[in-house]
Amino acid sequence: MKDIIILGIESSCDDTSAAVIKNGELLSNVTASQAVHESYGGVVPELASRAHEQNIVPVVDQALKKAGVAKEELSAIAFTRGPGLMGSLLVGVSFAKGFARSLGIPMIDVNHLQGHVLAHFIQEPDTKKEMPKYPFLCLLVSGGNSQIVLVKAYNEMEVIGQTIDDAAGEAIDKCSKVMGLGYPGGPIIDRLARQGNPKAFVFSKPNIAGYDYSFSGLKTSFLYFLRDRLKENPDFIEQNQEDLAASLESTIVDILMKKLRLAAKELSIKEVAVAGGVSANTGLRNAFLDHARRYKWNVYIPKFGYTTDNAAMIAITGYYKFMDNDFCTIDKPAYSRVSIG
Ligand code: KG4
């Protein structure tokens, strides 16, 4: 049988990434991140697009070389079509379409969020890993999303709960900014939290129906709490950084896990995965392991390299779509907003 070789391209935010998958197995995954945004305290869309323009050709070139694959051997090119920043997406989408057209091979559009969920199916050579069994629940938590996805098949996903305001990562980043820490705040809060007491301070938790989330109340409660304490002691933040980080992290993890537990119980599902940038968080990972023991869940936690944006997840989604002859035509535009379903 002829080898199926997919090149995946991801450029939805501030990472330019390319990956090659052969017959479902990952051969390479190359990512160029953009440090340029750090001094701005957030991603600057215009700068992101320009950096993608500079990075896309060398990143794709390296991914092919690392995989030992010539461009003529490719079966198809999969690319992130959305959601994401329009200027960033356009670089990857246009490049992928032009490259596929010049090689005379099919193009496959991939939903970035679907890619995050399917990151659990990335198969690295010489490692056998457990993959979630359908149907499973996936907690998708990143800078832009906090949702519980019911995954019935690779191409059948339903968002059963989501944030009605801020995403979990966004809340962490904003709170860390209020504390005067760097960007992105997630990894800094994570590091500080390891040294702190998660019960030191109590912040408000939302009371929202069903499986939905809300993080804006927590953000406000954190802000007001700090404002009041700073009036009494201007060094309050510096003196309590670890405890503040640990208490904030534990509040967010509690909020996330409570709804996930409810969904798992009501839907009688014990296969539970986590995905997206915030899934790198140590407290959240520990909570998953704890739930596996307490509730006999089979939990799936991605490798660190696959928590953030990467093209391996786009290539594996592209591989599944290829096997289903699910291709896209050249006229399909990028989209900045779209749901997973
Ligand atoms: O999926 P992702 O890379 O892209 C966006 O959706 O933007 O997620 C980025 C988010 C940021 O909010 C970042 O602070 C958060 O993931 N994050 C973390 C950790 N690492 C990244 N949050 C908590 N703990 C971490 N270790």
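Each residue takes its place number in the sequence, starting with 1. Whatever order the structure lists ligands and atoms in, that order sets their numbers, starting from 1.
Applying the side chain to side chain contact (heavy atoms under 4.5 Å, CB included) test between Ile189 and each of Leu244, Leu248, Ile252, Asn281 identifies Leu248 as the sole match. Applying salt bridge (Lys or Arg N to Asp or Glu O under 4.0 Å) to Asp254 and the options Lys205, Arg261, Lys259 leaves one that passes, Lys205. The only member of Leu47, Asp14, Val91, Asp15 that meets side chain to side chain contact (heavy atoms under 4.5 Å, CB included) when paired with His52 is Val91.
With values rounded to the nearest 0.5 angstrom, Leu113 atom CG is found 5.5 Å from Gln147 atom CD. With rounding to the nearest 0.5 Å, the separation of NZ in Lys71 from CG in Asp61 is 9.5 Å.
Among the atoms of Thr307, none of the N or O lies under 3.5 angstrom from an N or O of ligand 1.
At a heavy-atom distance under 4.0 Å, atoms from both the backbone and the side chain of Asn281 approach ligand 1. The parts of Val278 lying near ligand 1 are both backbone and side chain, judged by heavy-atom distances below 4.0 Å.
Between atom 9 (C) of ligand 1 and the options Gly143, Ala171, Pro83, the minimum heavy-atom separation is to Gly143. Nearest to atom 21 (C) of ligand 1 by heavy-atom distance, out of Ala280, Gly277, Ser12, is Gly277.
Of the protein's heavy atoms, Asp173 OD1, 2.7 Å lies nearest to atom 14 (O) of ligand 1. Closest to atom 18 (C) of ligand 1 among all protein heavy atoms lies Gly186 CA, 3.5 Å.
Between Phe99 and Phe95, the ring planes are tilted. Angles from 30° to 60° get that label. Note on ring orientation: taking the six-membered ring where Trp is involved, the planes of Phe236 and Phe225 are perpendicular (angle over 60°, cut-offs 30° and 60°).
The closest approach between any non-hydrogen atom of Cys13 and ligand 1 is not below 4.0 Å.
Here is the list of ligand 1 atoms found below 4.0 Å of a heavy atom in Gly144: 6 (O). Under a 4.0 Å criterion applied to the non-hydrogen atoms of Asp190, ligand 1 contributes the atoms 24 (N), 25 (C), 26 (N). Those atoms of ligand 1 with a heavy atom of Pro184 less than 4.0 angstrom away are 14 (O). Near Gly169, meaning under 4.0 Å from one of its heavy atoms, ligand 1 places the atoms 12 (O). Atoms of ligand 1 lying under 4.0 Å from any heavy atom of Thr308, numbered from 1 in the order shown and given with element: 3 (O).
Salt bridge status for Asp190 with Arg194: present, with a side-chain N to carboxylate O gap under 4.0 Å.
If you chain together hydrophobic residues whose side chains sit under 4.5 Å apart, Ile188 and Ile172 fall into the same group.
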